[in-house]
Amino acid sequence: DLVSSPSSSPRWPLALVILVALAGAIPRLSALGSVPPALHPDEAGTAADASAFFQAPALIYAHERGGWVEGTYVALAAVPLAVSKGTGWLSLEAAARLPAGLAGCFLILAVAWAGRELTRSWQVALGAAICLALQPWAWHFSHLALRGTLTPLFVTVGLAAWLRAERSQHALGWGVLGGSALALAALTYPPLRVQVPLLALLLWFSRPREGLAPAHVLAGRWALGLALAGSLVLIPWTLGGAGAERLEAVWAWEAEAGLGRNLARVAKGYIRHFGTRFLFSGSSSRGFAPEGVGLIPRWQGVLLVLGILACLFRRRRRDWLILGLVLLFPLAAAPTRDVPNAMRAALGIPALALLAGRGWQALAFFLREGRREGPRGAALMFVLALCLGLGAGTTAAHKRRLYFEAYPHREAAFYYPGRRALAERALRLHQEGRASVSSEVFLEASLRLYAPSLPARRAGKRWILGEGSPQVRLSLSKQGRLRERPFASRGAGD
């Protein structure tokens, strides 16, 4: 059988999962302050809000480019940033990204838990954990101080807890946890307000029809109610007011194009998230994808195919849930501009790991069967396993080099580097009694984060930094080099 029975002694599998999680924490917590090479303006805005959180806590924050940002990540980053400013133990960049790094570490354990609940198999749990631990997409999202990076953890915990409620003696508690985690995901990031209700309905309608105790039915109702409530409560702010500004900026639906062309555009955007160029090469330059590194290693493609075949042939209820989650992850990104979009499709991180874990289980089954076919079958299966293992090891080393060494230099311009140096230089000039001027874009958040005491005001497209007439012009190269030169009020080319 492709589905193993639960182990009579789960301590060893659990210990292996914990070891995998500890190993997976290394790329997630390494070089938080320098990979990527600078805080993207969106990250800087989050960090600036978190730095002022204890003075003026809020649930939503204005975004520099319009719209507003939910405050979940801001609240989580407030303490690390306070520690950083008070002790210098962490750089501001590392402190801002620490919640994402920790969420990435715990996601490995959560995926293993979800795999165990979905299939009752430690093989799936361990396979999913290993695949996620080696997934560059998950490494990268553990290095971004953005609210969307928290949602894979919230959804995975919600999924696992909901499934746990179906067979636990403490069903109501698990159901409340599952619904609350899904609600928190929807409250944290707008795309999840599309995906969470559909996932909750999928879980509700796929539950066992018979044999559920009243307590288990009640737990499911609580989970469903909380998940839907969390998805709907912020809809008025998402579709109207400042929230509509951001939605209009990313929404790809064009009324003048007609229904057919719009539906074709959405379908094309959806399908592109399953393309090899996006998944294995990371060649999208959209949605914070690890450009040139790849989202998932190519060797996991073998496990994904095996996972799909295993789910389709077995036709078990929980297998349909895995496939449903995989089909769901690009849905919110499909009708937006700039697709495929790794951030809006962040549910692909746990979804593809779970599917690969199912493929890992199928591969283990074939290896066992191969040994029963005699020496020739055993040798063939051994060669297959050896090739997969060697591919995983060499690919992991290659991807690590690409992400931690090549990526920060190759993609530096995307993160608008040098804004910290500019803000700190402007502050020093102000302390010397000299004002400066800069025309750099996306500067507001960096000024609030790195030089909160610096007087700053807009003058058209320029920033006047300091008091009095500007005497110095500050600018940055694409690679973040600070340039300083005298400024004349009627200077040409300004």
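Side chains included, hydrogens not; waters and symmetry mates left out as well; all remaining heavy atoms used.
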Distance-only donor-acceptor pairs under 3.5 Å for side chains of residues 212-224, two or more places apart:
from: His216; atom 1: NE2; to: Ser168; atom 2: O; distance (Å): 2.9

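- In this structure, Thr119 contributes its side chain and Gly115 its backbone to a donor-acceptor pair below 3.5 Å.
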Expected list for residues 233-242: side-chain donor-acceptor pairs under 3.5 angstrom, two or more places apart:
from: Thr238; atom 1: OG1; to: Arg193; atom 2: NH1; distance (Å): 2.5
from: Thr238; atom 1: OG1; to: Leu234; atom 2: O; distance (Å): 2.8

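- The minimum heavy-atom distance linking Ala456 with Leu447 is given by the pair CB-CD1, 4.1 Å.
- With rounding to the nearest 0.5 Å, the separation of OG in Ser446 from CG in Leu422 is 8.5 Å.
- A donor-acceptor distance shorter than 3.5 angstrom exists from the side chain of Ser206 to the backbone of Leu203, with no hydrogens or angles considered.
- Partners of Glu117 by salt bridge (Lys or Arg N to Asp or Glu O under 4.0 Å), not counting sequence neighbours, listed by chain and number: Arg164, Arg167.
- Screening residues 321-356 for ring pair (Phe, Tyr, Trp, His ring centres under 6.0 Å), with sequence neighbours left out, gives Phe274-Phe329.
- With a 4.5 Å cut-off on side-chain heavy atoms, Leu321 and Leu163 count as touching.
- Distance check: Arg97 CZ to Leu81 CG gives 11.5 Å after rounding to the nearest 0.5 Å.
- Contact record, Ala138 with Arg28: CB-NH2, 3.4 Å, taken as the closest heavy-atom pair.
- In this structure, Ala110 and Leu153 approach most closely via the heavy-atom pair CB-CD1, 3.9 Å.
- Between Tyr403 and His140, a ring centre-to-centre spacing shorter than 6.0 Å is recorded.
- Under the 4.5 Å side-chain criterion, counting only non-hydrogen atoms from C-beta, Leu107 is in contact with Thr156.
- Considering only heavy atoms from C-beta on, Val293 comes within 4.5 Å of Arg410 through its side chain.
- Contact of the Val250 side chain with the Asn341 side chain is not registered, since no non-hydrogen atoms from C-beta on lie closer than 4.5 Å.
- Counting only distance, with no hydrogens or angles, the side chain of His143 and the backbone of Pro27 share a donor-acceptor pair below 3.5 Å.
- Heavy-atom neighbours of Lys85 NZ from other residues, nucleotides or ligands within 6.0 Å: above the threshold of 12.
- Heavy-atom minimum distance, Ala342 versus Phe288: CB-C, 4.4 Å.
- Among residues at least two apart or in separate chains, ring pair (Phe, Tyr, Trp, His ring centres under 6.0 Å) pairs with a member in residues 419-470 are Tyr416-Phe442.
- When atom types are taken as modelled, the side chain of Trp139 and the backbone of Ala133 share a donor-acceptor pair closer than 3.5 angstrom.
- Within a 6.0 Å sphere centred on CZ of Phe106, heavy atoms belonging to other residues, nucleotides or ligands number 12 at most.
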Would you give me the side-chain donor-acceptor pairs under 3.5 Å for residues 474-483, sequence neighbours excluded?
from: Ser477; atom 1: OG; to: Gln479; atom 2: N; distance (Å): 3.4
from: Ser477; atom 1: OG; to: Gly480; atom 2: N; distance (Å): 3.4
from: Ser477; atom 1: OG; to: Arg481; atom 2: N; distance (Å): 2.9

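- Every residue two or more places apart in sequence or in another chain that forms a side-chain hydrogen bond (donor to acceptor under 3.5 Å, both in side chains) with Glu166 is listed here: Arg317, Arg318.
- Crowding of Glu432 atom CD: a count of heavy atoms from other residues, nucleotides or ligands under 6.0 Å exceeding 12.
- Atom CG in Leu14 sits 10.0 Å away from atom CZ in Arg116 (nearest 0.5 Å).
- At least one side-chain heavy atom of Leu39 sits under 4.5 Å from a side-chain heavy atom of Leu449.
- Rounding to the nearest 0.5 Å gives a distance of 8.0 Å between CZ of Arg458 and CG of Leu443.
- Take Arg420 and apply the side-chain hydrogen bond (donor to acceptor under 3.5 Å, both in side chains) test, not counting sequence neighbours, and it matches Glu93, Glu424.
- Using a distance-only test at 3.5 Å, with no hydrogens or angles considered, no donor-acceptor pair links the side chain of Glu484 to the main chain of Val472.
- In this structure, the side chain of Arg419 does not engage the main chain of Pro41 through any donor-acceptor pair within 3.5 Å.
- Within the model, atoms CG of Leu29 and CG of Leu102 stand 6.0 Å from one another, a figure rounded to the nearest 0.5 Å.
- Residue-environment remark: CZ (Arg207) exceeds the threshold of 12 foreign heavy atoms within 6.0 Å.
- Residues satisfying the ring pair (Phe, Tyr, Trp, His ring centres under 6.0 Å) criterion with Trp174, sequence neighbours excluded, are Trp113.
- With sequence neighbours left out, the side-chain contact (heavy atoms from CB on, under 4.5 Å) criterion links Thr149 to Tyr73, Ala100, Phe141, Leu144, Leu146, Met343.
- Of all heavy-atom pairs between Ala96 and Ala77, the closest is O-CB, 4.2 Å.
- Of all heavy-atom pairs spanning Pro408 and Ser34, the tightest one is CB-O, 4.3 Å.
- For Arg147, the side-chain hydrogen bond (donor to acceptor under 3.5 Å, both in side chains) partners at least two apart in sequence or on another chain are Glu70.
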Let me have the donor-acceptor pairs involving side chains of residues 176-191, under 3.5 Å, with sequence neighbours excluded, atom names and distances please.
from: Ser180; atom 1: OG; to: Val176; atom 2: O; distance (Å): 2.7
from: Thr188; atom 1: OG1; to: Thr72; atom 2: OG1; distance (Å): 3.0
from: Thr188; atom 1: OG1; to: Leu184; atom 2: O; distance (Å): 2.6

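- A donor-acceptor pair under 3.5 Å is absent between the side-chain atoms of Arg272 and the main chain of Gly269, judged by distance alone.
- Once rounded to the nearest 0.5 Å, the distance linking CD1 of Ile296 with CG of Leu279 reads 5.0 Å.
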